[in-house]
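Below is one structure, written out as structure tokens; comments come after it.
Quick note on labels: first sequence line is chain A, next is B, and so on, each numbered from 1.
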Amino acid sequence: MENSEKPVVSNFIRTIIDRDLESGKHKKIVTRFPPEPNGYLHIGHAKSICLNFGLARDYGGVCHLRFDDTNPIKEDLEYVQSIMEDVRWLGFDWGDNLFYASDYFEQLYEFAEMLIQKGLAFVCDLCQEEIREYRGTLTVPGKNSPWRERSIEENLDLFRRMRAGEFEEGEKSLRAKIDMASPNLNMRDPVIYRIKKAEHHRTGEKWVIYPMYDYTHSLSDAIECITHSLCTLEFEDHRPLYEWCLHNLPVPSYPQQIEFARLNLSHTVMSKRMLLDLVKNNVVQGWDDPRMPTIAGMRRRGFPPAAIRDFADRIGVAKASSLVDFELLQFCVREDLNQNAKRVMAVLDPILLTIENYPENSFEEFEAINNPEDPDAGTRMIPFGKQLYIEREDFAEEPPKGWFRLSPGAEVRLKHAYYVTCKEVIKDAQGKITEIICTHDPQSRGGSTPDKRRVKGTIHWVSAAHAADAEVRLYEQLFTLADMSEMEEGKAPEDYMNPESLKVLTHCKIEPSLASAEKGERFQFLRQGYFCADLDHSPEKPVFNRIVTLKDGWARQQRKQ
RNA sequence: UGGGAUGUCGUCUAACGGUAGGACAGCGGACUCUGGAUCCGUACGUGGGGGUUCAAAUCCUCCCAUCCCAGCCA
């Protein structure tokens, strides 16, 4: 991936790493991105991916991709594959460092026997509900399990029989022996192994007991010699247990867990459960619906991966919970696309414009610059004729104050082509404008005149004889509520659905060259926004997604009045 | 009312006892064959009260607010 020329902004994690490197605690850093393969990755994960892989890159260390696959009933190979695709698409490479917690199951099992040998773990016969009762509450200490004082021999025997499949799910569990009176509920003899007679996507039916997250994660980090184990704030309370595991077992290294605030983005949700509900209830059209904050959705929408990386850099990393404005992401997307997207002309809501003094059945071509920000992008030829389509919005029969575009008697520039002046407006029986009659100034060919007269308005157009029809999908924010954590009691995200989040336009007129766009190819539709050829796009049936609009100074000015 | 954390412009984030800075959003202007881009200018902040200090966002103290935790999920 390309080097970023932007200065790196310091954050508390970099401060810790700087200190550890300076003190000699570590020579090289090792981080990891540890997803559970139970769903699709979203922009919140992208923050974590950019953080972990970015630190490894900046400090000359490495970052592992490790699947935290300890709960077979929720996990699936489909998710493993989508996660790898998403990480790669974002521009990161884990090289040989692909790991699975399930690869450590045997080692983890041996560690568990060691805990039993040390009297630090016991097999408990309490059922799930009883465990909950014995755990106490936030303010009331828990009670010891009646099975807490079993002998080491008995525990070992029972645990081995758990592994052998002699007990049913829920019948027994292995628990760490810590402190039922701890004010930290995670330390009240947490379950570290449970029986699950489920097929695992990688280990098949080899195991009927599976280790729990806290136990697995700390030890996996240690096994991989992770130096800095970055996770989100809700695991702060788990850190004592993370450290308990490391301190009580002969691990090869002592990773440091550091917590940071997860990303919240305005007008969307980040919880896997809520996203799953949107998909299941057909509120959106799938995990890759362009409105989804999933990486797959953003990819389909047309967000460039570099823009997402830039976004991750700009939001920074800190410990305070925050809600980032969606506008910042849009800014990053525009900034990338302004540099990189080819300019083309497309008319979303066409109205016919006829140039009465232009010869019948005569056509010519104009050379158009592909990208004024990038001379290397070259030029292309665009056809022009007597009849054109222009944007209905670019004509006003009674123009408001400050209007630069077309109106009766007014002259505007057709981008790259001629100046035209509106002479007449033709309407149907309902009073709807069906055609605009203009004259052009032949002297203005190419977009300027010998007399150098100024024309304020420049509008886009396509030749009616050459245009292709296209479907264009306009996307906006998924929800009307900015801070979705403020949803009312009993309401679901879909109750806040933005009715304008998807608008499908079916008879848009596009430059002929656009029909042959590649799927995923991004363009600026002049004066309107950035668009990308959708997965559904084909030369016979062009389909474009609006990635993001252009900033609209006119609209802003209108809003103020 | 147990424990863990966090409060800096509207938003995100720097500053680590020494001029509160940047970015987005906003506002004003210049320029423009995209009302885009670009450029210039501008406003806006340390949750509150005490204290230590020549000097406090930073240290101490009390208060307030917000977030997280009672899965055999991660």
Would you say A:Lys196 places a side-chain N or O within less than 4.0 Å of OP1 or OP2 belonging to B:C73? yes

Once each nucleotide of nucleotides 37-44 of chain B is scored for protein heavy atoms under 4.0 Å, what B/S/- sequence comes out, 5' to 3'? S-------

Identify, with sequence neighbours excluded, every residue that meets side-chain hydrogen bond (donor to acceptor under 3.5 Å, both in side chains) alongside A:Thr379. A:Glu367

For A:Phe404 and B:G35, is the gap between ring centres under 5.5 Å while the planes differ by less than 30°? yes

For the side chain of A:Gln528 and the base of B:U34, is some donor closer than 3.5 Å to an acceptor across the two? no

Hey, does A:Gln128 reach any base, or is it just sugar-phosphate, or nothing, if we go heavy atoms under 4.0 Å? base

Please identify each residue that fulfils ring pair (Phe, Tyr, Trp, His ring centres under 6.0 Å) with A:Tyr419, with sequence neighbours left out. none

Expected output check: what is the dot-bracket annotation of RNA chain B, where ( ) and [ ] are pairs inside the strand (brackets for crossing ones), | is paired with another strand, and pairs are Watson-Crick or G-U under 3.5 Å? .((((((..((((....[..)))).(((((.......)))))....(((((..]....))))))))))).....

When you measure from the side chain of A:Thr139, which nucleotide among B:A70, B:G26, B:G2 comes out closest? B:G2

Among the nucleotides B:U32, B:C24, B:C72, whichever has the atom closest to the side chain of A:Arg454 is B:U32

What pairs meet the salt bridge (Lys or Arg N to Asp or Glu O under 4.0 Å) rule with one or both residues in residues 325-335 of chain A, with sequence neighbours excluded? A:Arg314-A:Glu335

Rounding to the closest angstrom, what is the interatomic distance between B:A55 and B:A20 at atom P? 15 Å

Would you tell me if any nitrogen or oxygen in the side chain of A:Arg413 comes within less than 4.0 Å of OP1 or OP2 on B:U34? no

Let me have a per-nucleotide readout for nucleotides 9-22 of chain B, 5' to 3', with B, S or -, counting only protein heavy atoms under 4.0 Å. --SSSSS-------

Regarding B:G71, purine or pyrimidine glycosidic angle vs 90° from 0 gives syn

N/O (side chain, A:Arg194) to phosphate O (OP1/OP2, B:A74) under 4.0 Å: yes

